[in-house]
Amino acid sequence: MDYQFKSIEAKWQNFWAQNQTYKVETDTTKPKYYVLDMFPYPSGAGLHVGHPLGYIASDIFARYKRLKGFNVLHPMGYDSFGLPAEQYAIQTGQHPAITTEANIKRYREQLDNLGFSFDWSKEVRTSSPDYYKWTQWIFMQLFNAWYNKSTDKAEHISTLIHHLETQGTANLNAVSDDDTQKLLPTDWAAFSEEEKQAELLKYRLTFLKESTVNWCPALGTVLANDEVKDGFSERGGHPVEQKKMMQWSMRITAYAERLLQGLNDIDWPEPLKEMQRNWIGKSVGAMVKFSLERPTSEVGSQDSSDLRLRTSDLIEVFTTRVDTIFGVSFLVLAPEHELVAQITTAAQKAEIEAYIAQTKKKSELDRMADTKTVSGAFTGAYAINPVDGARVPIWIADYVLAGYGTGAVMAVPSGDQRDYLFAQQYNLPIIQILDAQQMENEADPTKEGQYVNSGFINGLNYKEATAKVIAFLEQEGMGYAKINYRMRDAIFGRQRYWGEPVPVYFKNGLPYLIDESELPLMLPEVDKYLPTESGEPPLGRAKDWKYKDEYEYELSTMPGWAGSSWYWYRYMDAKNENAFADKDKIAYWKDVDLYIGGSEHATGHLLYSRFWNKFLKDLGYVTEEEPFKKLINQGMIQGRSNFVYRTRLDIILDLSNRDEVDLSSFVANNPIFVSKNLINNYQNYNEENVLKRLRQKFESAYPNVIIAKFEIRKGGAPIHVDVNIVENDILNINEFKASRDEYANAEFILESGKYICGAEVEKMSKSKFNVVNPDDLTERYGADTLRMYEMFLGPLEQSKPWNTNGIEGVFKFLRKFWKLFHDEAFNFVVSDEAPTKAELKALHKIIKKVEEDIERFSFNTSVSCFMIAVNELTDLKCNKRAILQDLVLLLHPYAPHVTEELWALLGNAAGTISYASFPKFNPEYLVENDFNYPISVNGKTRTNLSFPLSMEAADIEKEVLANEAVQKYLEGKLPKKVIVVKGRIVNIVV
RNA sequence: GCUGAAGUGGUGGAACUGGUAGACACGCAGGACUUAAAAUCCUGUUCGCCCUAAAGCGAGUGCGGGUUCGAUUCCCGCCUUCAGUACCA
């Protein structure tokens, strides 16, 4: 039989499922290898061809590692909490669990169709209560923990309580909110239980805090920073505004430095690490205090608000260039800064208030779009520069952000471009501070040269000056060296239904954890998936949903990233009811050796996961500091759209009888499409025939009408056409006509008898008719072909447009491969004869190549080499078991079904190929005696000459120069120099 | 603006430490088989020039320079595309 992919694939998919071929257990006799895919959100649309790209690559690698003797954990599951199912629930009233279940079923079918070697016994779903029980449990551990900077790790809250009892806040070095109290042990002891809880909340790693959040009114929920793009929600594109709310947060900032340092030890793509570094945004600098000048002379004449000023009032600024402090010519506060109202003088009050009002009106978008101009207002107040006592005016401006640093900056116009623009605009001094500074047209942030106009650092260089200024500030108590991070604590609440309930209840306004024995806290039933009338989240609708029938539960749910921040541990022990995973299993599987997924998760999932992992390690639950040792981003698969070009008839009728004719509907019902290359000129093709046909049709419909003009308009407007009825850019005209009623009578102006479509690369989406579904392709070519074709398309990490054009080539390859084992009549025939040298060479060439390629994740090149090997063996008419059996093993990771079938036909026990061993490469078979040297003259290859590899360079040179063909290129001249690289090349310089 | 990645035939791409640019496919053209089509097989296919053909000549990896006997690969400057980020003090 010819290659019957359908029956073969169905047979083996069934076999694997029946026999649980890929089920894996801890096995200390074998080295472990953990291959993980980023698990999908099961959306209603199902998989398109872009999704499986990473899964295919990881499956190839997992199968390869099995053949290499590793115990491979290769699981799959679903990130099944999320917005789309909830939106659907709001629209239809259908419970999101039902939608999710149906979508998962569809995903599972599609995944099964591709022949992945997942261990489905370890499937996880973040929305299932026996999973989210442990998400809630981890939340509780975070609530019961604080970050001790002295030990540089998270500790149980009891060690903090002990510290407060014995020492108060003395010697306490903790990550906390800003408003913690300084306490003596006696103060702590005197606290009521509630006061203690309120204070502890400021230290807990998950805590409740009033925060400015990204509120999306259309979605009725809060979004994380990475869920907001340009002021709009990433999902749905609804406007997002800033709003203050009580929110659960995660103190990820405690881990900022470890998250940054950890990047040095993991094998991730550099761009991705760079994104995380930028996101963490470490800046090394100093805090500097500027005291406020007491408004002495003005006091009497001002209103009472000015009297609130105290000399003890300070403005703190953060700077990364403390060395430039002598160049400060003004301070700038964010308009939202709390001191603004206090320090503004009566004379400036109106101007300041007008400016604040104006900034509030500016939307986030406007502020971002306009980075070239600056604006601000003077408060009328002055501060004192701590290094030289200079009087510095205080301004407000919206280029200073309230949320970063202290919300105040010291402006050094000579070194900072925004300060420079601001100084120019408002006529403030621009002071040169380094002799190397070039600042005629713009600020010069150089660190070169020696300081000038800079008091006690004049003449010093950058390094010396920085150290000296910091030392001076510390001595004066006016500043200190400090490291700042851009990253903020992560908001951890969503005003949504379809997520994990937070295991917290409230007593007298304070949050408490529910009892661990009550986990999981089940998601309650609600009548509608919308906020309540009073604006509470959907959980507020749950009837009689109270802790111990008494206390209010937390009504917000966890964000999408909660469940995905630890799921790789659950795969190790998916069914465990007593722990999120058994300790021994965690000790065996440790971490993910290879993680494949998209780079869009750079600052979301991949950062939060590293954070939770570090936390779990601090508390001793897991063993590794970093969860994902090696990570690969598969490139995005873009869509490739096809276009047809529509033109129309121009008909002009004789005036007398135009009323009887419905011209516009005739034109609409007879659309005309022009092949791509004829749009501008379609004469001499079949225009005349088309025209004739249409004219006949028109005349038979309206026999008495006199036509003045009847012609096809030049040009054509592009219209998206479904790529599934286009092959190699040639339109299937019959399918096109059948696709829509209005196209039923379509006419085509063809080139060479074909309709050629235009093409363009765009996002893959339904509206562009360019979605290609893997099911259609497996139906037509089989999963093995699709797997290999997706790899053949190009390097895994590169983004590329999907184009089905080349799939035939891969399909042909598999048929050719199949034929190696069969005679002309498709009888299975292999010979037990000893292989020839040429056959062994072809085999070992591919063994070497495939191994090297897989190890460096270059799957596209190994597909090419399989083709070469099969072409060679076909030419050699090789059907020897000794060669073909190894070839079957080599190909198995790529095309598991056909290789299982052939493995069995070769007489091996069914299903054993997955755990066979990868063929051993023997370099002896590739040893050559001769090498065909390319002979180049002045770097241009002119001819080839074969010499023994053992031949010495000097002898080669002699022979080459004596050669007739070479002599011709020398044109009688003497060679200046002859380069002979043994086994590579000969180059003659004339 | 900043950060990162990438520019190679009609198309996807290959060339791993500087050593025969265009492997392997797709497409296209021609041919064989066939009543015909499909399938399959064979030949050609970077571009330009010359030519009946054989052969030959020249150019060529985004652009302009450089290093080298030799550069798709290394260095300098520029252009374009894609992704991330955005007043971060």
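Below, chain A is the first sequence line, B the second, and so on; all start at residue 1.
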Under a 3.5 Å cutoff on both atom distances, Watson-Crick or G-U, what's the dot-bracket for RNA chain B ([ ] crossing, | other strand)?
(((((((..(((......[....)))((((((.......))))))((((......))))..(((((..]....))))))))))))....
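- Checking the phosphate oxygens (OP1, OP2) of B/C41, no side-chain nitrogen or oxygen of A/Lys812 falls inside 4.0 Å.
- Contact annotation for A/Ile979: base contact, defined as any heavy-atom pair under 4.0 Å involving a base atom.
- Contact annotation for A/Asn987: base contact, defined as any heavy-atom pair under 4.0 Å involving a base atom.
- B/C24 atom P lies 11 Å from atom NZ of A/Lys845, rounded to whole Å.
- At a threshold of 4.0 angstrom between heavy atoms, the contacts of A/Val981 include nucleobase atoms, whether or not backbone atoms are also involved.
- Projected onto RNA chain B by closest heavy-atom contact, A/Thr320 and A/Arg984 fall at different nucleotides, the more 5' of which corresponds to A/Arg984.
- Rounded to whole Å, the distance from CG on A/Asn803 to P on B/G10 is 17 Å.
- Look at the C1' atom in both B/G58 and B/G1: the space between them is 45 Å, to the nearest Å.
- B/U17 sits 30 Å from B/U80 when the C1' atoms are compared, rounded to a whole Å.
- As rounded to the nearest Å, B/A59 and B/G65 have P atoms that lie 15 Å from one another.
- RNA chain B is contacted by both A/Ile988 and A/Met867; A/Met867 maps to the nucleotide lying nearer its 5′ end (nearest heavy atom per residue).
- For the residue pair A/Tyr404 / A/Ser283, a side-chain donor-acceptor distance below 3.5 Å is found, with atom types taken as modelled.
- For the residue pair A/Leu339 and A/Leu314, the shortest heavy atom distance occurs at CD1-O, 3.5 Å.
- Rounding to whole angstrom units, NZ of residue A/Lys482 and C1' of B/C88 are separated by 14 Å.
- Nearest to the side chain of A/Arg418, among B/U20, B/C87, B/A23, sits B/C87.
- If you check B/U40, B/A23, B/A25 against the side chain of A/Lys819, the one that comes closest is B/U40.
- When the C1' atom is used for both B/U46 and B/C41, the distance is 26 Å, rounded to whole Å.
- Using a 4.0 Å heavy-atom distance criterion, A/Tyr933 is classed as making no nucleic acid contact.
- Summarising the local packing, CZ of A/Arg984 is surrounded by 12 or fewer heavy atoms from other residues, nucleotides or ligands at distances under 6.0 Å.
- If you take atom P in B/U20 and the same atom in B/C24, they sit 16 Å apart, rounded to whole Å.
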For A/Phe422 and A/Phe330: C-alpha separation, side-chain torsions, deciding distance, then whether ring pair (Phe, Tyr, Trp, His ring centres under 6.0 Å) applies.
CA-CA 10 Å; A/Phe422 198 86; A/Phe330 55 102; 5.3 Å; yes
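- Among the nucleotides B/A89, B/A15, B/A5, the one closest to any side-chain atom of A/Pro271 is B/A5.
- Taking only side-chain atoms of A/Arg815, from C-beta outward, the nucleotide of B/A39, B/C16, B/C24 with the closest atom is B/A39.
- Residue contacts for A/Lys849: at a heavy-atom cut-off of 4.0 Å it reaches a base atom on one of the strands shown.
- The glycosidic torsion of B/G10 lies more than 90° away from 0, placing the base in the anti range.
- Atom CD of A/Glu338 is surrounded by 12 or fewer heavy atoms from other residues, nucleotides or ligands within 6.0 Å.
- Between the side chains of A/Ser946 and A/Asp930, no donor N or O sits under 3.5 Å from an acceptor N or O.
- Straight-line distance from the CD atom of A/Glu600 to the P atom of B/A83: 13 Å, rounded to whole Å.
- As a whole-Å value, the separation of A/Met410 CE from B/C88 C1' is 15 Å.
- Among the nucleotides B/G13, B/C69, B/A89, the one closest to any side-chain atom of A/Leu401 is B/A89.
- In terms of phosphate contacts, A/Arg486 brings no side-chain nitrogen or oxygen within less than 4.0 Å of OP1 or OP2 of B/U85.
- For residues 801-824 of chain A, the pairs satisfying salt bridge (Lys or Arg N to Asp or Glu O under 4.0 Å) are A/Asp2-A/Arg815, with sequence neighbours left out.
- The CG-C1' distance, from A/Leu607 to B/G84, rounds to 15 Å in whole Å.
- Taking atom C1' on both nucleotides, B/G77 is separated from B/U67 by 15 Å, rounded to a whole Å.
- Separating the P atom of B/U73 from that of B/A14 is a span of 16 Å, rounded to the nearest Å.
- Across all their heavy atoms, A/Ile988 and A/Val960 have their closest contact at CD1-CG1, 3.8 Å.
- Looking only at atom types and distance, the side chain of A/Asp419 has a donor-acceptor partner in the side chain of A/Tyr399 under 3.5 Å away.
- For the OP1/OP2 pair of B/A14 and a distance below 4.0 Å, the side-chain nitrogens and oxygens of A/Asn860 include at least one atom meeting the criterion.
- Set against B/A23, B/G13, B/A89, the side chain of A/Pro795 has B/G13 as its closest nucleotide.
- Of the candidate nucleotides B/G19, B/C28, B/C24, B/C24 has the atom lying nearest to any side-chain atom of A/Asn871.
- Close to B/A5, at under 4.0 Å from its OP1 or OP2, lies no side-chain N or O of A/Asn633.
- Within 4.0 Å (heavy atoms only), A/Arg277 reaches no atom of the nucleic acid at all.
- When distances run from any side-chain atom of A/Lys816 to the nucleotides B/C26, B/C41, B/C24, the shortest one goes to B/C41.
- The separation between A/Glu808 atom CD and B/A38 atom C1' is 12 Å, rounded to whole Å.
- For A/Thr861, the listed nucleotide lying nearest its side chain is B/A15; candidates were B/C28, B/C24, B/A15.
- The CG atom of A/Leu272 sits 21 Å away from the P atom of B/C82 (whole-angstrom rounding).
- Considering only side-chain N and O atoms, A/Ser283 lies under 4.0 angstrom from the phosphate OP1 or OP2 of B/A89.
- The same atom, C1', is picked in B/G60 and in B/A21; the two are 9 Å apart, to the nearest Å.
- Across B/A89, B/C26, B/G84, the shortest atom-to-atom separation from the side chain of A/Val409 is found for B/A89.
- A/Lys800 and A/Glu790 are not joined by a salt bridge, as no carboxylate oxygen comes within less than 4.0 angstrom of a charged side-chain nitrogen.
- Screening A/Tyr894, A/Trp802, A/Phe813 against A/Tyr789 for a ring-ring contact (aromatic ring centres under 6.0 Å, His included) leaves a single residue, A/Trp802.
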